[in-house]
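The block underneath contains the structure these notes are about, expressed in structure tokens.
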There are 2 protein chains.
Amino acid sequence: MRILVVEDEVDLAHTLHTGLTAEGYSVDLAHDGRQGLWMARTGEYALVVLDLMLPGLNGYKVCAQLRREGNATPILVLTAKDGEWDQAEALDTGADDYLAKPFSYMVLVARLRALVRRAAAVAPPVLAVGDLSLDVAGRVCRRAGTRVELTPREFAVLEVLARRAGQAVSKADLLYHAWPDEALDPNLVEARVSALRKKVDAAFRRQSLQTVRGTGYRLVDDRERD
Amino acid sequence: MRILVVEDEVDLAHTLHTGLTAEGYSVDLAHDGRQGLWMARTGEYALVVLDLMLPGLNGYKVCAQLRREGNATPILVLTAKDGEWDQAEALDTGADDYLAKPFSYMVLVARLRALVRRAAAVAPPVLAVGDLSLDVAGRVCRRAGTRVELTPREFAVLEVLARRAGQAVSKADLLYHAWPDEALDPNLVEARVSALRKKVDAAFRRQSLQTVRGTGYRLVDDRERD
DNA sequence: CTCACCCCATGCGCATCCTGGTGGTCGAAG
DNA sequence: CTTCGACCACCAGGATGCGCATGGGGTGAG
């Protein structure tokens with residue numbers, strides 16, 4: 001369970017990091033709005049804790065932008081003021097909950113847990129790119145409705161690519177996200193992608209897993225197009 | 001049996017907590033409407049005791065919001081006034097019963113017990129996945145109509161899987177939910193699943209209990225399709 | 001006491017993944 | 001257009017660890 005904390009105050013960021021890590025979450029930190037937006041886009045977080053007062057790009061804009069892009073990751077907003085106006089605006093831009101500073105740590109954890117649980121119950125955990133679908137909860141992969149058996153590692157790699165469909169994902173990123181303990185050899189990725197292509201592309205005469213030479217790979221919808 | 005008490009008056013909250021705990025319930029407290037709403041949303045409570053007069057978000061709104069979200073947890077409302085109007089409005093927003101303050105503790109417990117019982121009777125306590133059915137209340141398991149004898153632990157494991165049919169459930173999750181006192185060894189799960197497969201699958205030439213390597217297990221309807 | 005249940009330890013089988021190597025492909029520079 | 005170097009695809013063999021099955025013994029219920 002991965003959580004992104006976007007917070008520029010180093011003390012608070014540090015506190016949140018250690019605290020949430022102790023709760024059993026994997027915590028990543030972003031120190032400004034732009035970085036936060038970038039990291040959140042990967043879609044790999046179960047929840048984003050977002051401060052409203054941020055250098056660069058403020059929290060409202062990060063939140064609004066993510067929602068505009070169709071990203072449905074639950075967002076818990078931290079706000080210094082507790083005026084009604086502040087809350088209203090935050091929730092209007094698409095945040096799922098807010099918390100006024102200073103806040104009780106217990107309350108934060110409770111709200112956060114509730115958010116994660118609700119999101120899991122509501123959000124359809126199915127990633128789709130063209131006629132390729134990944135049921136993340138069920139660990140089931142389908143191409144045009146017919147089921148494709150994937151090994152755990154293959155599924156992990158494909159999931160990362162699907163979460164960033166259309167974007168090129170570097171091998172370093174794939175290694176980082178699909179290999180729990182850090183591995184280093186880019187060949188690992190190449191080997192898994194090769195296996196994936198057989199099952200997911202070649203077996204269906206398709207080419208949705210593209211190589212981006214010098215960078216990595218990209219998963220696209222290849223049904224129409226030139 | 002878990003109960004949520006949403007009550008801002010600390011004395012009353014404390015009284016309820018100790019009293020209901022003595023009755024054998026597990027009691028959680030929320031001190032305002034907003035917190036109450038969040039906790040109730042988790043859906044893990046057999047009943048919610050809800051004061052109408054609350055800071056932040058009043059009881060009417062909490063109740064209405066929960067019902068709007070499809071949450072069917074029984075709600076027992078506590079109201080300071082006992083006017084007809086008050087009662088009507090509470091019941092209209094979806095509460096299941098009300099009690100005017102001051103109330104007798106005995107009456108509260110009785111009403112509460114009745115509510116829990118009624119809810120249990122109304123909610124269909126039969127989980128079905130394909131032709132496999134689990135009568136949770138009666139602890140009866142059937143495959144295609146014929147009865148299958150399960151031990152308590154086996155039933156608990158199968159119930160968890162059935163509640164999340166189609167999804168992969170991790171061994172850690174199964175351990176957490178099917179072993180009351182925390183256990184740690186994943187082998188416990190493997191052993192129970194192994195026994196379950198014999199009774200529920202092998203005896204019927206079926207394969208509804210699937211292994212999801214590296215993750216856990218999944219219960220599916222295996223009669224049709226891929 | 002008897003019996004059912006289930007924890008616990010163990011060994012085996014096999015899927016999965018890594019390793020290393022070879023041949024192929026791409027792209028830029030000559 | 002050709003050449004060259006770097007990058008990539010893919011294969012086969014072998015190690016690792018996961019998951020399955022089994023049974024003995026402890027424990028609690030009736």
Side-chain angles (χ1 to χ4, degrees), chain A residues 139-141 147-161 168-203 205-220 222, chain B residues 139-141 147-161 168-203 206-220:
Chain A
R139 308 257 101 189
V140 171
C141 169
R147 186 152 165 194
V148 179
E149 296 295 339
L150 298 182
T151 72
R153 196 52 59 83
E154 286 164 4
F155 196 94
V157 171
L158 193 55
E159 182 179 336
V160 175
L161 288 169
V169 183
S170 74
K171 292 179 193 176
D173 261 19
L174 287 167
L175 277 173
Y176 177 76
H177 290 114
W179 273 258
D181 42 346
E182 33 199 321
L184 294 165
D185 190 355
N187 198 327
L188 299 185
V189 180
E190 292 160 10
R192 283 316 97 209
V193 170
S194 174
L196 274 172
R197 282 211 246 249
K198 263 191 205 148
K199 296 183 177 178
V200 154
D201 271 350
R205 305 273 162 77
R206 301 289 289 283
Q207 296 187 35
S208 56
L209 266 170
Q210 303 179 342
T211 301
V212 183
R213 209 175 169 78
T215 304
Y217 299 92
R218 179 179 16 183
L219 180 63
V220 299
D222 64 326
Chain B
R139 305 264 106 187
V140 172
C141 169
R147 185 151 170 191
V148 179
E149 296 296 337
L150 297 183
T151 71
R153 195 53 59 84
E154 286 164 4
F155 196 94
V157 171
L158 193 55
E159 182 180 337
V160 175
L161 289 169
V169 183
S170 74
K171 292 178 191 175
D173 262 20
L174 287 166
L175 277 174
Y176 178 77
H177 286 110
W179 273 258
D181 43 345
E182 32 200 320
L184 294 165
D185 190 355
N187 199 329
L188 299 185
V189 181
E190 292 160 11
R192 282 318 96 207
V193 169
S194 176
L196 273 172
R197 280 209 248 247
K198 267 190 200 145
K199 297 183 177 179
V200 155
D201 270 350
R206 301 290 289 283
Q207 297 186 36
S208 56
L209 265 171
Q210 302 180 342
T211 301
V212 183
R213 200 158 233 268
T215 303
Y217 299 92
R218 178 177 36 196
L219 180 63
V220 300

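Owing to the predicted nature of the structure, the values given are computational and were not obtained by experimental measurement. Each chain gets a letter, A, B and so on, in the order its sequence line appears, and its residues count up from 1.
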Atom [atom1] of [X] and atom [atom2] of [N]: how far apart are they, to the nearest Å?
| X | N | atom1 | atom2 | answer |
| --- | --- | --- | --- | --- |
| A:D185 | D:dA9 | CG | C1' | 14 Å |
| A:K199 | C:dA15 | NZ | P | 12 Å |
| A:F155 | C:dT16 | CZ | P | 14 Å |
| B:L174 | C:dC6 | CG | P | 15 Å |
| A:R218 | D:dC8 | CZ | P | 14 Å |
| A:Q210 | C:dT25 | CD | P | 18 Å |
| A:L188 | D:dC10 | CG | C1' | 15 Å |
| A:L196 | D:dC8 | CG | C1' | 16 Å |

Any [X] side-chain N or O less than 4.0 Å from OP1/OP2 of [N]:
| X | N | answer |
| --- | --- | --- |
| A:T151 | C:dC17 | yes |
| A:R153 | C:dC18 | yes |
| A:W179 | C:dC17 | no |

For a 4.5 angstrom cut-off between non-hydrogen side-chain atoms, does [X] reach [Y]?
| X | Y | value |
| --- | --- | --- |
| A:Y217 | A:V157 | no |
| A:L209 | A:V220 | no |
| B:R192 | B:F155 | no |

Between its two end axes (five pairs each) the helix from C:dC1-D:dG30 to C:dG30-D:dC1 turns, nearest 10 degrees, through 40°

Supply the atom-to-atom distance B:K199 NZ to B:E154 CD, rounded to the nearest 0.5 angstrom. 3.5 Å

Separation between OG1 (A:T215) and NZ (A:K171), nearest 0.5 Å, reads 9.5 Å

Mind checking if B:P152 touches a base, just sugar-phosphate, or nothing, with heavy atoms under 4.0 Å? sugar-phosphate

At under 4.0 Å between heavy atoms, which parts of nucleotides 16-30 of chain D does protein reach? Answer with one letter per nucleotide, 5' to 3': B base, S sugar-phosphate only, - none. --BSBBS--------

Are B:R147 and B:E149 ion-paired here, with the side-chain N under 4.0 Å from a carboxylate O? yes

Are A:D222 and A:R206 ion-paired here, with the side-chain N under 4.0 Å from a carboxylate O? yes

Taking every heavy atom of B:V169 against every heavy atom of B:D173, the minimum-distance pair comes out as CG1-CB, 3.7 Å

May I ask you to check whether A:S208 and A:R197 show a side-chain donor-acceptor distance below 3.5 Å? no

